[in-house]
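One structure below.
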Amino acid sequence: MNSSLIEKIEQKFDPLTGVYERFTIENLAKKLLAENYPFVLFLIDGDNFKNVNDGYGHAVGDLVIKTIAENLQAFFQNIGFVGRFGGDEFMVIMPDVVDYDSVWNICHNLHVTFSSLSIPEYPSISITLTLGLSRAPKDGIAYDELFAKADKALYRGKQKGRSCFIIYLNEKHKDIKVLSSDSPIANSMQRHNQIFTFLSESKSLKEAIPAILSFFTTGMMIDHMAVQGQREMLFSEIYSLSKSRNFSYIDTALISPNIDPSTGIFHINEVQQVPKSVMQDLIKNLEKQQIFSIFFAEISYAGKFYGYLRADATSTLRIWQHCDMNLLLTAAKAIAMVLFFQGKTLEEL
């Protein structure tokens, strides 16, 4: 790597990570564009970082950011310049190598490196990255244009379910409209897409279901997730930060009378507010398991019933939002469709 490329630029460093700060990297990109020097612009986001801050606190969040920075620095040591854009977002300038195949191979190697990355002190935290890339001068000769195209590629990666890389191609990505990552629509699209990614990329439904349950517990911080069959709990997942490990099967006969036939769901926001005379046996069961709020979605398709997708809140009350219930119902129906077309039951997986 030609280190002289950055020598004439004022160099400032991010105090937390030690990599270049944002404006140093941006100024380098502008300098290279002015000189018509070929390079790749990487925009890199840590996946689901908000959940780390919310679940473990900002000190652990800072540790994750430093771990990402250290590994990016090690990977790009001889081929690129790493900067922190803000939060868990990084920007990398990689000069000279811009042909698609070479860039793809570098991205693939980086993806493999981060697919096995973790923090020894917090083994439940998985660190993955989503990358969006654009190439100069192919994708633009002005910084704003180049950044916008890398941002579109990054956004496409998030839509695909994260933990991937997208190299901007005009014929594929020019019409992408980037929504704010905080947008409910953007988050909903990403999460729905992730459900189908698990189902399509897993070797079997038996492998996909645990991944989906883990996605809900960590991604939405749901204390307990389960797939219940007709007579037993077949798959279950407990969120690492859940205070309650008391998690057991709830009889289908207690659930089915309460399912709304028009939606296939049943939920209680506040178990303690339900009169004991109503659903008496079910409420006793929920209180025994210290469940504050609960949600069930039928796993059914084409008139065939397989079981229930179940979500519990045990640490605090949870008011089930329509967007969350919609996502859980989608997962239940998608699992049912796979079972239907495979001609299997949950018990046969």
Side-chain angles (χ1 to χ4, degrees), residues 1-6 19-20 25-26 28-47 68-85 89-117 126-178 190 193-194 196-198 200-203:
M1 180 179 66
N2 188 353
S3 58
S4 64
L5 294 174
I6 203 168
V19 302
Y20 292 111
I25 290 293
E26 287 185 334
L28 174 60
K30 293 173 183 177
K31 174 179 180 290
L32 296 180
L33 287 167
E35 297 174 358
N36 199 31
Y37 198 104
F39 68 95
V40 177
L41 174 65
F42 291 74
L43 295 183
I44 302 174
D45 270 10
D47 294 329
I68 292 173
E70 288 168 2
N71 282 270
L72 287 176
Q73 278 280 65
F75 184 87
F76 285 103
Q77 183 176 6
N78 298 314
I79 59 173
F81 303 91
V82 179
R84 184 181 177 199
F85 194 74
E89 301 170 336
F90 292 83
M91 181 185 289
V92 175
I93 299 294
M94 186 176 73
D96 298 312
V97 181
V98 292
D99 67 281
Y100 185 90
D101 289 343
S102 297
V103 173
W104 191 96
N105 286 330
I106 290 169
C107 289
H108 175 71
N109 291 337
L110 179 61
H111 180 68
V112 169
T113 297
F114 271 81
S115 65
S116 59
L117 186 64
S126 176
I127 300 176
T128 60
L129 303 178
T130 303
L131 288 69
L133 298 79
S134 59
R135 293 171 288 163
K138 176 179 175 58
D139 297 323
I141 56 174
Y143 173 75
D144 289 346
E145 180 184 13
L146 199 66
F147 180 91
K149 290 180 177 178
D151 198 31
K152 285 186 176 184
L154 177 64
Y155 182 72
R156 178 63 183 128
K158 291 178 181 179
Q159 286 181 311
K160 288 187 68 175
R162 303 175 184 265
S163 188
C164 63
F165 62 88
I166 302 292
I167 303 171
Y168 181 86
L169 294 172
N170 200 55
E171 59 271 23
K172 286 186 176 182
H173 307 126
K174 66 177 180 179
D175 295 325
I176 290 176
K177 298 185 185 303
V178 178
Q190 293 161 7
N193 187 73
Q194 185 65 63
F196 291 98
T197 298
F198 287 132
S200 63
E201 294 186 359
S202 298
K203 295 178 181 178

Atom CG of Leu133 and atom CG of Leu146: how far apart are they, to the nearest 0.5 Å? 10.0 Å
How many angstroms lie between OG in Ser134 and NZ in Lys152, if you round to the nearest 0.5 Å? 11.5 Å
Just by modelled atom types, is the Gly140 backbone N or O under 3.5 Å from a matching donor or acceptor in the Lys149 side chain? no
Less than 4.5 Å apart, side chain to side chain, heavy atoms only: is that true for Tyr20 and Arg84? no
Does Lys31 reach the main-chain N or O of Leu5 with its side chain, forming a donor-acceptor pair under 3.5 Å? yes
Is the ring pair His173/Tyr168 parallel, tilted or perpendicular, if the boundaries are 30 and 60 degrees? tilted
Could you go through Ile44 and Phe85, starting from their C-alpha distance and side-chain angles, then the distance that decides it, and tell me whether this counts as side chain to side chain contact (heavy atoms under 4.5 Å, CB included)? CA-CA 9 Å; Ile44 302 174; Phe85 194 74; over 6 Å; no
Minimal heavy-atom distance between Pro95 and Ile79, with the atoms involved, is CD-O, 3.4 Å
Spatial distance of atom CG (Asp151) from atom CZ (Arg156) [nearest 0.5 Å]: 14.5 Å
Donor-acceptor pair, Arg135 side chain versus Val98 backbone, under 3.5 Å? yes
Of all the heavy-atom pairs spanning Leu129 and Gly46, show the shortest one and how long it is. CD2-CA, 3.9 Å
Determine whether more than 12 heavy atoms belonging to other residues, nucleotides or ligands lie under 6.0 Å from atom NZ of Lys30. yes
Phe76: which of Phe81, Phe42, Phe90 passes ring-ring contact (aromatic ring centres under 6.0 Å, His included): Phe42
Side chain to side chain contact (heavy atoms under 4.5 Å, CB included), that's the test. Do Leu110 and Phe165 meet it? Break it down for me. CA-CA 9 Å; Leu110 179 61; Phe165 62 88; over 6 Å; no
Angle between ring planes, His108 versus Trp104, binned at 30° and 60°: parallel, tilted or perpendicular? parallel
Listed partners of Asp99 passing side chain to side chain donor-acceptor pair (under 3.5 Å), at least two apart: Ser102
Can you find a side-chain donor-acceptor pair between Thr130 and Asp45 that sits under 3.5 Å? no
Test side chain to side chain contact (heavy atoms under 4.5 Å, CB included) on Asp139 and Asn170 and set out the steps. CA-CA 8 Å; Asp139 297 323; Asn170 200 55; 5.7 Å; no
So, using side-chain contact (heavy atoms from CB on, under 4.5 Å) as the criterion, who are the partners of Gln73 when residues are at least two apart? Val19, Val82
Do Val40 and Ile167 touch side chain to side chain, with heavy atoms closer than 4.5 Å? no
Any heavy-atom pair between the side chains of Phe39 and Leu33 that's under 4.5 Å? yes
Side-chain touch Leu32/Ile93, heavy atoms, less than 4.5 angstrom: yes
Side chains of Leu131 and Leu43 in contact at under 4.5 Å (non-hydrogen atoms): no
Working for side chain to side chain contact (heavy atoms under 4.5 Å, CB included), residues Ile166 and Tyr155: CA-CA 9 Å; Ile166 302 292; Tyr155 182 72; over 6 Å; no
